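Take a look at the structure set out below.
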Amino acid sequence: MRKQIFKAICDRLAEKVPEVAFIDLWNDNVNTLNGGTAFPFPAVFVEFETIEWRQQGNSARMGDIAVRLHIVTRAMTTNGSKDSRMEEALAYFDIIDRINAAMQRLSGENFASFMLTTSATNHNHAELIESVERYVTRAQDITAMPSSIATAKLDKAVIRVGQ
């Protein structure tokens, strides 16, 4: 299920936000940079939060899957709101807006549309800006279901945030 969702996110961002130069799984990538660049910018890293599954019949399970997209780009130093480079420095937020628009109706076989739940911008890196956008989807995992059983598609899911 996670592989399917990761690939769907990669495909959607590549199609809708082509300026994203690099997409990978999150592995604390920003904190492990040692003065060199290990990936091109802007980069998006996909982090899966812990999933609490609820068993269904026929070895299927249902769960709310939360992913965090770590959006990383180089920071641009400016001298206040009157700086002539301010518009270029704030273009970072335009990328986030395009990523959010691309994610809003992303759904697939056995997972519902993603819903944005939180946004956080971290300016605690000397040369980088990292924002974390958290999305939730409801998914039905049928990987353990016997192949002889017909699969039911997840049609309309209700996501309850904060449970």
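Note that this is a predicted model, so its numbers are computed, not measured.
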Heavy-atom closest pair, residues [X] and [Y]:
X	Y	answer
Ala60	Met145	CB-CE, 3.4 Å
Ser113	Ser107	N-CB, 3.6 Å
Arg134	Ala66	NH2-CB, 3.5 Å

Would you check if Phe111 and Ile5 make a side-chain contact, meaning some heavy-atom pair closer than 4.5 Å?
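Yes, at least one pair of side-chain atoms sits under 4.5 Å.
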Within the 4.5 Å heavy-atom criterion, are Asp28 and Glu47 side-chain neighbours or not?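 Not in contact.
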**Asked** Are Ile51 and Ile9 connected in the hydrophobic side-chain network, where two residues link if heavy atoms are under 4.5 Å apart?
**Response** yes
Check whether Leu25 and Val132 end up in the same hydrophobic cluster, where Ile, Leu, Val, Met, Phe, Trp and Tyr are linked by side-chain heavy atoms less than 4.5 Å apart.
->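 No; tracing contacts between hydrophobic side chains, which count when under 4.5 Å, never links both residues.
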> What is the ring orientation for Trp26 with Phe45, classed by angle as parallel under 30°, tilted 30 to 60°, or perpendicular over 60°?
Replying inline: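 It falls in the perpendicular class, over 60°.
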Please say whether more than 12 non-hydrogen atoms of neighbouring residues, nucleotides or ligands are located less than 6.0 Å from [atom1] in [X].
X	atom1	answer
Glu87	CD	no
Arg2	CZ	no
Arg105	CZ	no

Using a 3.5 Å distance criterion without hydrogens, assess whether the side chain of [X] forms a donor-acceptor pair with backbone atoms of [Y].
X	Y	answer
Arg12	Ala102	yes
Asp141	Thr143	yes
Thr73	Phe41	no
Thr137	Ala112	yes
Glu49	Val136	no

Atom pair [atom1]/[atom2] of [X] and [Y] - distance to nearest 0.5 Å:
X	Y	atom1	atom2	answer
Gln104	Met115	CD	CE	9.5 Å
Met103	Leu116	CE	CG	9.0 Å
Lys7	Ile23	NZ	CD1	13.5 Å

Please tabulate, for the side chains in residues 88-101, all donor-acceptor contacts under 3.5 angstrom to protein atoms that are two or more places apart in sequence or on a different chain.
from   : atom 1 : to     : atom 2 : distance (Å)
Tyr92  : OH     : Ile71  : O      : 2.7
Tyr92  : OH     : Ser131 : N      : 2.9
Tyr92  : OH     : Ser131 : OG     : 3.1
Arg98  : NE     : Glu19  : OE2    : 2.5
Arg98  : NH2    : Glu19  : OE2    : 2.5
Asn100 : OD1    : Tyr135 : OH     : 2.0
Asn100 : ND2    : Ile96  : O      : 3.4
Asn100 : ND2    : Glu133 : OE1    : 3.4

- Member of Gln56, Glu109, Arg61 meeting the side chain to side chain donor-acceptor pair (under 3.5 Å) criterion with Gln140: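 When side chain to side chain donor-acceptor pair (under 3.5 Å) is applied between Gln140 and each of Gln56, Glu109, Arg61, only Gln56 qualifies.
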